[in-house]
Asker: 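I'd like to ask you about the structure that follows.
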2 protein chains.
Amino acid sequence: MISQKAKYALRALIALAEMKTASVSAAELAQSERIPRKFLEQILTELKREGIVQSRRGATGGYSLLMPADTITFGRILRLIDGPIAPLPCLSRTAYRRCEDCRSESACGVRRVFADVAISARAVLDGATIADALTDPSFLVQNRLIPERA
Amino acid sequence: MISQKAKYALRALIALAEMKTASVSAAELAQSERIPRKFLEQILTELKREGIVQSRRGATGGYSLLMPADTITFGRILRLIDGPIAPLPCLSRTAYRRCEDCRSESACGVRRVFADVAISARAVLDGATIADALTDPSFLVQNRLIPERA
DNA sequence: ACAAAGTCCATCGGATCGATAGGTTTTCAA
DNA sequence: TTGAAAACCTATCGATCCGATGGACTTTGT
């Protein structure tokens with residue numbers, strides 16, 4: 001199960017991608033997406049630090065995407081918010097950690113099985129982008145973000 | 001990330017499958033697998049309640065598999081110990097729950113992407129069994145639990 | 001100057017995780 | 001028949017995480 005926070009982050013990015021307007025305030029975004037405002041602010045700040053989102057302070061300030069929606073992968077957001085995608089620490093590429101009590105990594109049957117899970121999960125999550133998740137299909141076609149939905 | 005408890009459960013089952021002897025005490029199993037004994041007892045009790053493992057009480061008591069190792073899937077153990085495999089509650093087959101704040105399930109872009117993750121994760125986990133994870137390959141061949149390792 | 005908005009940091013209640021502890025019941029063997 | 005070994009049951013614990021809230025501060029446009 002992914003965290004609520006990661007869901008919020010993804011939905012916020014999708015909403016930002018759908019907005020034509022230059023920027024949206026956290027308050028507006030919170031209301032339209034039904035996300036607790038202060039919590040959303042934290043999330044957006046993280047996304048900003050990652051360089052995914054841009055902010056402008058002061059009155060008329062707000063947030064906007066800093067990169068094209070079809071270059072922001074689910075995998076990147078998930079790793080940022082929830083940590084490694086791999087189901088075992090010893091299978092993470094981005095945050096490898098040896099399993100404390102494991103005798104031999106190469107002989108570990110549990111690891112062998114979960115390696116397959118990790119591979120396929122990564123394939124999906126590093127392949128899917130915010131653009132793939134936009135709610136209005138006509139938007140996708142109009143903007144040529146995806147060729148067509150398979 | 002799967003829980004430590006699920007890892008213990010899988011390792012315990014693998015160890016039980018590898019044992020030729022009729023039954024093993026929790027204490028022995030705990031020592032050989034380096035799992036906290038009392039914690040392991042809880043796990044084995046759960047596995048027993050599920051009908052995966054058998055127990056005999058009293059002196060000379062212990063645990064043994066109640067079904068062939070190649071019929072015990074990773075998916076089953078994971079669901080028992082860690083809960084649903086699906087990354088979103090609204091994608092779980094075994095424990096479906098609507099996402100509280102979701103407007104429309106069918107229009108949810110996040111859901112669409114994670115549906116693919118769920119499908120592939122299930123394919124792997126419901127396909128892999130304890131027999132697939134046994135450490136000693138010769139055991140597998142000898143007992144014809146798998147034809148050969150791909 | 002003031003209001004609106006982002007930023008920073010602390011805290012909080014509740015849940016979960018990993019484990020430990022102690023007592024009870026069953027069983028076997030001496 | 002009694003004592004040890006083992007499963008079984010329930011409670012509790014400390015640490016961490018999760019989801020969220022609050023307040024103080026800074027920046028910015030009008």
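So you know, we letter chains A, B, ... as the sequences are listed, proteins then strands, and number each from 1. Below, all heavy atoms of this structure are taken into account, side chains as well, without hydrogens, waters or symmetry copies.
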Asker: Between A:L40 (CG) and D:dG19 (P), how many Å, whole number?
Answerer: 14 Å
Asker: Considering only heavy atoms, which members of residues 85-95 of chain B lie under 4.0 Å from some atom of DNA chain C?
Answerer: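 Listed by number, there are none.
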Asker: Which whole-number value in Å describes the distance from A:E41 CD to C:dA5 P?
Answerer: 10 Å
Asker: Is there a salt bridge (charged side-chain N to carboxylate O under 4.0 Å, His left out) between B:E46 and B:K5? Walk through the geometry before answering.
Answerer: CA-CA 11 Å; B:E46 279 186 74; B:K5 192 174 175 185; 2.8 Å; yes
Asker: For nucleotides 24-30 of chain D, just jot down a letter per nucleotide in 5' to 3' order: B, S or -, based on protein non-hydrogen atoms under 4.0 Å.
Answerer: --BBBS-
Asker: List for me each residue that meets salt bridge (Lys or Arg N to Asp or Glu O under 4.0 Å) alongside A:R122, sequence neighbours excluded, and say none if there are none.
Answerer: none
Asker: Counting only side-chain heavy atoms from C-beta out, which of C:dT7, D:dC9, C:dA19 sits nearest to B:F39?
Answerer: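 My answer, after comparing the listed nucleotides, is C:dA19.
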Asker: Among pairs that include at least one residue of residues 3-45 of chain B, which meet ring pair (Phe, Tyr, Trp, His ring centres under 6.0 Å), considering only residues two or more places apart or in two chains?
Answerer: B:Y8-B:F39
Asker: Please check the phosphate of C:dC17 (OP1 and OP2 only) for any side-chain N or O of B:K5 closer than 4.0 Å.
Answerer: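 It does not, given that no N or O in the side chain of B:K5 lies less than 4.0 Å from OP1 or OP2 of C:dC17.
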Asker: Is it true that atom CZ of A:R103 has more than 12 heavy atoms of other residues, nucleotides or ligands lying nearer than 6.0 Å?
Answerer: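 Counting other residues, nucleotides and ligands, CZ of A:R103 exceeds 12 neighbours.
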Asker: Looking at every non-hydrogen atom in both residues, tell me the closest pair between A:E33 and A:A15 and how far apart they are.
Answerer: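 Smallest interatomic distance, heavy atoms only, reads OE2-CB, 3.7 Å.
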Asker: Round to a whole Å and report the spacing from CZ of A:R37 to P of C:dG6.
Answerer: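 One finds 8 Å between P of C:dG6 and CZ of A:R37, rounded.
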Asker: Measuring from A:I130:CD1 to A:T71:OG1, what's the distance to the nearest 0.5 Å?
Answerer: 9.5 Å
Asker: Might you confirm whether atom CD of B:Q31 has over 12 heavy atoms from other residues, nucleotides or ligands at distances under 6.0 Å?
Answerer: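 No, CD of B:Q31 has 12 or fewer neighbouring heavy atoms, counting only those of other groups under 6.0 Å.
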Asker: Please report, rounded to the nearest Å, how far the C1' atom of C:dT16 is from the CD atom of A:Q4.
Answerer: 16 Å
Asker: Measure the CG-CG distance between B:L44 and B:L40 for me, rounded to the nearest 0.5 Å.
Answerer: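 Here the interatomic distance stands at 4.0 Å.
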Asker: Between C:dA15 atom C1' and A:M1 atom CE, what is the distance in whole Å?
Answerer: 15 Å
Asker: Could you tell me whether B:E100 and A:R34 make a salt bridge, using a distance below 4.0 angstrom between a side-chain N and a carboxylate O?
Answerer: no
Asker: Taking salt bridge (Lys or Arg N to Asp or Glu O under 4.0 Å) as the definition, give me every residue that meets it alongside B:K38, ordered by chain and number, with sequence neighbours left out.
Answerer: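 Salt bridge (Lys or Arg N to Asp or Glu O under 4.0 Å) check on B:K38 returns B:E41.
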Asker: Is A:Y8 near enough to D:dG19 that one of its side-chain N or O atoms lies under 4.0 angstrom from OP1 or OP2?
Answerer: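 No, outside the criterion.
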Asker: Check this for me: does any side-chain nitrogen of one of A:D101 and B:R11 sit under 4.0 Å from a carboxylate oxygen of the other?
Answerer: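 Answer for the salt bridge query: yes.
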Asker: What is the distance from CD of A:E46 to C1' of C:dC8, rounded to the nearest Å?
Answerer: 13 Å
Asker: Could you check which residues of residues 25-34 of chain B get a heavy atom under 4.0 Å from DNA chain D? Sort them by number, please.
Answerer: B:S25, B:A26
Asker: Which residues pass the side-chain hydrogen bond (donor to acceptor under 3.5 Å, both in side chains) test with B:S25, not counting sequence neighbours?
Answerer: B:E28
Asker: Starting at the 5' end of DNA chain D and moving along, which residue's nearest nucleotide shows up first, B:G62 or A:P36?
Answerer: B:G62
Asker: Could you tell me the separation between the CG atom of A:L47 and the P atom of C:dG6, rounded to a whole number of Å?
Answerer: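 Whole-Å distance recorded here is 13 Å.
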Asker: Can you run down the ring pair (Phe, Tyr, Trp, His ring centres under 6.0 Å) pairs that involve residues 47-100 of chain A, sequence neighbours left out, and say none if there aren't any?
Answerer: A:F74-B:F114
Asker: When rounded to the nearest 0.5 angstrom, what distance separates CG in B:L88 from CZ in B:R111?
Answerer: 8.0 Å
Asker: Defining pairs by Watson-Crick or G-U wobble geometry with both distances under 3.5 Å, how would you list the stems of DNA chain D with at least three pairs each?
Answerer: C:1-30 with D:1-30
Asker: Please round to the nearest 0.5 Å and tell me the distance separating atom CD1 of A:I72 and atom CG of A:L65.
Answerer: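 So the gap between those two atoms works out to 4.5 Å.
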Asker: If the condition is salt bridge (Lys or Arg N to Asp or Glu O under 4.0 Å), which residues does B:R56 pass it with, not counting sequence neighbours?
Answerer: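 So B:R56 forms no salt bridge (Lys or Arg N to Asp or Glu O under 4.0 Å) with any residue.
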Asker: Please list, chain by chain and in numerical order, all residues satisfying salt bridge (Lys or Arg N to Asp or Glu O under 4.0 Å) with B:R93, sequence neighbours excluded.
Answerer: B:D126
Asker: Send over the distance from A:R49 CZ to C:dG6 C1', rounded to a whole Å.
Answerer: 12 Å
Asker: Within less than 4.0 Å of OP1 or OP2 of C:dC8, is there a side-chain N or O belonging to A:T45?
Answerer: no
Asker: Tell me, for nucleotides 11-17 of chain D in 5' to 3' order, what letter each nucleotide earns: B for a base near a protein heavy atom under 4.0 Å, S for only sugar-phosphate near one, - for neither?
Answerer: -------
